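Input: a single structure, listed below in structure tokens.
Computed from a predicted model, the values in this text were never measured in an experiment.
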Protein chains: 2
Amino acid sequence: MAKKNVQGAAAMADQGRQSADDGSAGAPDVSARPERNRKERAEEILHTLRGRIANHELPPGTRLQEVELAEEFDVSRAAVREILGALEQRGLVNRVPNRGAVVARLDIEEIYEIFDVREALEGLCVRLATQNAPPQTWDPFLERFGDEMAEAIAKGEVEPYIDTLEDLRRETVRWAGNSHATHFLDLLLEKTHLIKLRVMLLPGRAAAGREMHVEMLRHMRAGDAAAAEAAKKRIIRSARDWLERYRSFVM
Amino acid sequence: MAKKNVQGAAAMADQGRQSADDGSAGAPDVSARPERNRKERAEEILHTLRGRIANHELPPGTRLQEVELAEEFDVSRAAVREILGALEQRGLVNRVPNRGAVVARLDIEEIYEIFDVREALEGLCVRLATQNAPPQTWDPFLERFGDEMAEAIAKGEVEPYIDTLEDLRRETVRWAGNSHATHFLDLLLEKTHLIKLRVMLLPGRAAAGREMHVEMLRHMRAGDAAAAEAAKKRIIRSARDWLERYRSFVM
DNA sequence: GTTATCAATATTGTTGACATTTATGTCGGG
DNA sequence: CCCGACATAAATGTCAACAATATTGATAAC
């Protein structure tokens, strides 16, 4: 018993969708709301499980049993059921009647599919962000992607690259201001989180990626949305090529 | 009592999904597979509600009450609850704790967002379909979009145009072979189904759309994927412009 | 006439027990 | 030794009653 605090990392980028209009202007009281906490708790659990699946703390094929989860998070089976339904809608688990839910498996074809969709959606976001953000928004990233990082990467230090990339992604998505594109990208990225990491760790990949991002950022700073979009698409297609080349190693 | 058969139209473009649950000649296997029917029934109800929401048979703001739905479809409240959860995940309804589910409202900004994402995803699908399908795949559509339709449209007959467009969309998505893009497009289109219809009914829109589709199909038949993708994007951007111009009328 | 308080009602959220189905292990027969 | 039938166990699916909460209407005070 008592496997409560196993939560682990569960990082993931979460942009949070607006809960739309309820029209009510007041209601600033957030703390004294037990029922609000209920729903928030459900989303927290969902977030935790998404993270565990994304980083393969729960590897594909793992069975997710209702009573087990209910005990671990100390909620009712009905709540767990709803959460499993959400995971199923997101494509993270497969449920078969009377047999329960298992963490979904990603085959190579699906990964290529996801790369194609990412190319379209991330390209869109880069274009929109370039149009919407003031040019100096991208200066800090050009700085962080500079020579110092190039040297670090040459020495095998890729974490600054990974972190900067994630920050840039978030800032881009933020300035793009398209909640649907953001939501869809979240769905895709949580499915390929580990794959993406492994590709970035391939020999020479970080160096190539850094260079291409510098090029893209120059277009963004110059306000050339079309060029920036094209650069972003080239980056993703390049990553796809690396995956294809090292496929047996990554999978 | 007994408000069972109120189901109504619930038309929607339907992917060749036949209900056909019974009617099988002398096949008593309905009782042999009760569990299979359960899940299929849930998806059927979900499909029905999606259709009603899409064509505003259930207009935005409509409250969806659990007992009411449970009685209409003759299922348990738990089943209805799961279905409402799925509708929430799809962004078709908003649920607030202890207040229930209401059909989501689409504001104009969200519609523009959806147009941008559709441009990216449908462009992708056209490109992939052009690459994957044999060129003669598109000949029947060029035929259907021909002079005869142009004359019909001139006389105010837009239904052939709408039907052909839907068939073309399905064939394109089929040959694109990207399940994620397909799924995302389904999510977007069921939210803007009515808007799309209204735009197609705007004066002159069908004529312009037909011409642009002929151009796109020529590129597809020629196997020029990049040109076809660009043409598709122009089409969607054009539709967006029409919406912008007639916004007050469409909304 | 307006506003605030409070009870009445309706709806959602939760719980636990029960039914159904699948997987597992055992036993007997071949 | 292998195979099938049966019993057992464990998990999911279902249901109805109960609890908590929001909405509505009425009443009284100002």
TODO: Run the salt-bridge test on A/E110 and A/K191 with the 4.0 Å N-O cut-off and return the result as yes or no.
DONE: yes
Might you list the N or O atoms of the protein lying below 3.5 Å from N or O atoms in nucleotides 9-11 of chain D, with each pair's distance?
from   : atom 1 : to    : atom 2 : distance (Å)
D/dA11 : OP1    : A/Q65 : OE1    : 3.3
D/dA11 : O5'    : A/Q65 : OE1    : 3.2

- [ ] Could you check how far CG of B/N94 sits from P of C/dT12, rounded to whole Å?
- [x] 15 Å
TODO: State, without any angle test, whether B/R81 and B/S76 hold a side-chain donor-acceptor pair at a distance under 3.5 Å.
DONE: no
Open item on the list: Taking only side-chain N and O atoms of B/S76, does any of them lie within less than 4.0 angstrom of OP1 or OP2 on D/dC15?
Closed with: yes
Task: Nearest-angstrom distance from the residue atom CZ of A/R81 to C1' of C/dG13 - done: 16 Å
- [ ] Ignoring hydrogens and angles, tell me if any N or O in the side chain of A/E113 forms a donor-acceptor pair with the backbone of B/S179 under 3.5 Å.
- [x] yes
- [ ] Would you mind reading off the distance between A/R95 atom CZ and D/dT12 atom C1', rounded to a whole angstrom?
- [x] 9 Å
Task: Protein-nucleotide distance (B/E88, atom CD; C/dT12, atom C1'), rounded to Å - done: 14 Å
- [ ] Rounded to the nearest angstrom, tell me the gap between atom CZ in B/R77 and atom P in D/dC18.
- [x] 14 Å
TODO: Measure the distance from CD on A/E82 to C1' on D/dG13 and round it to the nearest whole Å.
DONE: 16 Å
Task: Under-4.0 Å salt bridge between A/E171 and A/R174 - done: yes
Task: Pairing of B/K196 and B/E122 as salt bridge, 4.0 angstrom limit - done: no
Open item on the list: Using a strict threshold of under 4.0 Å (side-chain N to carboxylate O), is an ion pair present between A/K39 and A/E43?
Closed with: no
